[in-house]
Amino acid sequence: MLLKPWTILGMGVVVLSSLFAGRAIAGTIELQVFQLLSRSTSPTSRCPDTITVTETYQPYREGSYGIDGNADLRAIASAITLAERTPFSVTWVGTLTPPYRQCQAAAGMVRVEGGAYQGHSYIRMRFMDGKAYLILDMTGLRDPNNYTTVITQAGVDRRGPTWSWGGSD
């Protein structure tokens with residue numbers, strides 16, 4: 001019995017899907033910190049150079065995808081709380097540690113998995129008035145079916161902000 005090419009292709013997709021179904025692929029995202037150019041910013045104020053966050057793809061499921069993320073901010077901030085959440089955006093706030101208390105800056109995505117990133121920075125930070133703000137913002141992002149990606153979970157664990165987001169495939 002000869003199999004048609006579409007049947008062979010379909011069987012290949014099923015085999016590949018089953019191989020990757022139980023695996024999560026971790027990725028690191030680097031945010032670079034850029035100090036505020038202002039006459040009121042002290043030249044001695046110290047800011048972190050970079051912030052690294054991790055996003056992990058959830059196992060494949062038919063019809064949609066999901067991504068889990070976290071940011072270990074213990075080195076730069078404490079008392080982190082969830083400040084605001086909508087289906088499109090979430091903001092966490094924490095108190096900057098003493099070395100960074102005077103930092104006035106913003107941060108955006110510059111590297112993903114070690115490679116240069118020049119797309120929309122959906123993870124951002126700002127540092128002001130002794131506080132660190134981490135913002136996850138899906139505004140302007142869309143999935144393959146032209147729906148806006150949605151934040152499905154947001155919280156805080158012992159390391160800092162945690163989240164999940166996803167869309168349809």
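We're numbering straight along the sequence, starting at 1.
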Minimum-distance pair of heavy atoms, taken over all atoms of S168 and P144: O-CD, 3.1 Å
Contacts of type side chain to side chain contact (heavy atoms under 4.5 Å, CB included), residue T162, not counting sequence neighbours: N70, Q153, D157
Pair I151-F88, side-chain contact (heavy atoms from CB on, under 4.5 Å): steps then yes or no: CA-CA 6 Å; I151 297 169; F88 304 107; 5.9 Å; no
Heavy-atom closest contact (R46 atom, P99 atom, distance): NH1-CB, 3.4 Å
Single-linkage hydrophobic cluster I51~L134, side-chain heavy atoms < 4.5 angstrom: yes
Check against side-chain contact (heavy atoms from CB on, under 4.5 Å), S45 and Q104: CA-CA 8 Å; S45 69; Q104 300 286 317; 5.9 Å; no
Hydrophobic cluster membership, Y65 vs Y57, 4.5 Å side-chain cutoff: yes
Residue pair D169 / G63: nearest heavy atoms and the distance that separates them: OD1-C, 3.0 Å
Backbone N/O of S89 and side chain of T86: donor-acceptor pair under 3.5 Å: yes
Derivation of the side-chain contact (heavy atoms from CB on, under 4.5 Å) call for K131 and L96: CA-CA 5 Å; K131 302 285 184 188; L96 285 167; 5.7 Å; no
Residue pair M138 / W165: nearest heavy atoms and the distance that separates them: SD-CE3, 3.6 Å
R111 NZ/CZ over Y117 ring centroid, <6.0 Å and within 45° of normal: no
Under the side chain to side chain contact (heavy atoms under 4.5 Å, CB included) test, residues paired with T152 that sit two or more places apart: V150, S164
Single-linkage hydrophobic cluster, 4.5 Å side-chain cutoff, L36 and Y133 together: no
Side-chain polar contacts of residues 73-84 - donor-acceptor pairs under 3.5 angstrom, sequence neighbours left out - could you list them?
{"unit_1": "R74", "atom_1": "NE", "unit_2": "D72", "atom_2": "OD1", "d": "2.9"}
{"unit_1": "R74", "atom_1": "NH2", "unit_2": "D72", "atom_2": "OD2", "d": "2.7"}

Atom pair CG/OG1 of D143 and T149 - distance to nearest 0.5 Å: 7.5 Å
Beyond-backbone contact of Y147 with R142, side-chain heavy atoms, under 4.5 angstrom: no
S121 (side chain) donor-acceptor with M109 (main chain) under 3.5 angstrom: yes
Test item: R126 and I135 side chains (from C-beta on) under 4.5 Å apart, heavy atoms: yes
Same cluster (ILVMFWY, side-chain, under 4.5 Å), I67 and L31: yes
Close side-chain approach of F127 to C47, heavy-atom, < 4.5 Å: no
Minimum heavy-atom distance E55-I123, with the two atoms named: OE2-CD1, 3.8 Å
Whether W92 and W163 hold their rings parallel, tilted or perpendicular, with breakpoints at 30° and 60°: tilted
same_hphob_cluster(V33, M125) at 4.5 Å side-chain heavy-atom cutoff: yes
Audit row: Q32, D49, side chain to side chain donor-acceptor pair (under 3.5 Å) steps and yes/no: CA-CA 6 Å; Q32 187 170 353; D49 294 323; over 6 Å; no
Whether over 12 other heavy atoms sit under 6.0 Å from N145 CG: yes
